[in-house]
Amino acid sequence: RVYADTAGLPVLWSLVGGGRWVSPQEARYVSGEWEHGDDVAAALLEAGQAVVRLPDHVRAGFATVEDAVVPADAPFLRRFFKTAKALPRCVATDRARAVRMLAYCLSDLILGCPADTDGGEAYTCLVGLPLVPVSDGTLQVFGSPKDRESLFLGSGTECELLAALRSRIVDVSLPASVGDHLGSEALQAYTNVRRLTPGMVADCLGQVLPQGWKG
C-alpha cells in the first residue's frame with residue numbers, strides 16, 4: 001500500500017538533469033549488475049530519462065505497482081531508440097558504445113532459433129532500430145525484408161571489392177555477441193540484413209564499377 005501511495009510522488013533520486021527527486025512513475029530502473037548497464041544509463045540520462053538505481057527490496061516493493069519503476073531492459077531500449085527523434089549523442093558519436101547498445105538490444109533474442117518459430121519471428125522487433133554499424137563509420141536502421149535496399153554481411157575481401165557501398169556493408173569487426181545474431185537465419189528472414197553470396201557480389205559490382213568496365 002505504501003508503494004502504491006507514493007507512485008506519483010518525488011521519492012526516488014535520479015541523476016537526470018544534474019540530479020533531482022523523481023516519482024516512481026517517471027523512474028527507469030537500471031541495475032549496476034547488468035552487462036552494459038552503465039552504457040544504458042548514460043544513454044537514457046542524456047535523453048532526459050529518470051534513471052534510478054535501487055536496492056532490491058525497494059524495487060520489489062514497486063513491482064506490483066502499475067507503470068512504476070519501469071526496467072530499462074532490452075525491449076524497453078529497443079522501443080526507446082526506435083521512437084526517439086535521434087540517438088543520444090553519447091551513442092551516435094561513440095562507435096564502441098553503439099555496438100554495446102546493439103548487443104544489449106539483442107540480448108533477449110534466442111540465437112539459433114529457426115526462422116519459422118516464435119523465437120525466430122521475435123527478430124521482427126529489430127525493424128526500425130537505428131543501430132546497425134556499417135563500414136563507413138555510420139549507423140544504419142534495420143529495415144524489413146521487403147525493403148528495396150539491403151544491408152550486407154561479407155568478408156573483409158568482399159567489403160574491399162564493394163568499398164563504394166560501404167554505407168550498406170555491416171562492419172566486419174563486430175564482436176560475436178552481435179555478429180552471430182546478424183548472421184543468423186532468423187534475423188535475415190525478418191530484417192533487410194543479407195549475407196553476401198557470389199551472385200550478390202556480382203550484382204553489386206555491376207552497380208559500382210565504372211561504365212567502361214561493363215561489357
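When reading the values below, keep in mind they use all heavy atoms of this one structure, side chains included, and skip hydrogens, waters and symmetry mates.
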Q: Decide if atom CD1 of I110 counts as having more than 12 heavy atoms of other residues, nucleotides or ligands within a radius under 6.0 Å.
A: no
Q.
Suppose we screen for side-chain contact (heavy atoms from CB on, under 4.5 Å). Which residues come up paired with P55, at least two apart in sequence or across chains?
A. H57, V58
Q: Begin with the C-alpha distance, continue with both residues' side-chain angles, and end with the deciding distance and a verdict on side chain to side chain contact (heavy atoms under 4.5 Å, CB included) for V30 and R53.
A: CA-CA 6 Å; V30 177; R53 300 281 176 95; 4.0 Å; yes
(Q) Could you tell me if the side chain of L126 sits less than 4.5 Å from the side chain of H181, heavy atoms only? (A) no
Q: Could you go through the side chain to side chain contact (heavy atoms under 4.5 Å, CB included) check for F76 and Q49 one step at a time?
A: CA-CA 12 Å; F76 175 91; Q49 296 289 303; 4.1 Å; yes
Q | Beyond-backbone contact of P133 with L174, side-chain heavy atoms, under 4.5 angstrom | A | yes
Q. At what distance, to the nearest 0.5 angstrom, does CG of L187 lie from CZ of R194?
A. 9.0 Å
Q.
Can you give me the closest heavy-atom contact between A186 and G120, atom names plus distance?
A. CB-CA, 3.6 Å
Q: Could you pull out the closest heavy-atom pair between D136 and S167, with the gap in Å?
A: OD2-CB, 3.3 Å
**Q.** Presence of salt bridge, D38 and R100, under 4.0 angstrom
**A.** no
Q) Looking only at heavy atoms, which two atoms of E46 and P88 are closest? And how far apart? A) OE2-C, 3.3 Å
**Q.** Nearest-0.5 Å distance that lies between atom CG in D94 and atom CG in D39
**A.** 8.0 Å
Q | Side-chain touch W21/S14, heavy atoms, less than 4.5 angstrom | A | no
Q | Common cluster, M200/L151, ILVMFWY with side-chain heavy-atom separation under 4.5 Å | A | no
(Q) Can you confirm whether V127 sits close enough to Y190 that some side-chain heavy atom of one is under 4.5 Å from a side-chain heavy atom of the other? (A) no
Q: Identify whether V11 and V65 are in the same connected component of the hydrophobic contact network (ILVMFWY, side-chain heavy atoms under 4.5 Å).
A: yes
(Q) Can you confirm whether P145 sits close enough to N192 that some side-chain heavy atom of one is under 4.5 Å from a side-chain heavy atom of the other? (A) no
Q) Mind checking whether L87 and L131 have side chains closer than 4.5 Å, heavy atoms only? A) yes
Q | Beyond-backbone contact of V141 with L129, side-chain heavy atoms, under 4.5 angstrom | A | no
Q.
Suppose we screen for side-chain contact (heavy atoms from CB on, under 4.5 Å). Which residues come up paired with S107, at least two apart in sequence or across chains?
A. A74
Q: With sequence neighbours left out, write down each residue that passes ring-ring contact (aromatic ring centres under 6.0 Å, His included) with Y29, or none if nothing qualifies.
A: W34
Q: Would you indicate whether E35, at its atom CD, is surrounded by more than 12 heavy atoms from other residues, nucleotides or ligands within a distance under 6.0 Å?
A: no
Q) Are any non-hydrogen side-chain atoms of L139 and P130 less than 4.5 angstrom apart? A) no
Q. Heavy-atom count around D56 CG within 6.0 Å, excluding the residue itself: above 12?
A. no
Q.
With a 4.5 Å cut-off on side-chain heavy-atom distances among I, L, V, M, F, W and Y, is there a chain of contacts connecting F142 to F152?
A. no
Q | Salt bridge R95-D171, side-chain N to carboxylate O under 4.0 Å | A | yes
Q.
Strictly below 4.0 Å, N to O, side chains only: are E26 and R20 in salt-bridge contact?
A. yes
Q) Between D147 and R168, is there a salt bridge with N-O shorter than 4.0 Å? A) no
**Q.** Transitive ILVMFWY side-chain link V193 to V172, under 4.5 Å
**A.** no
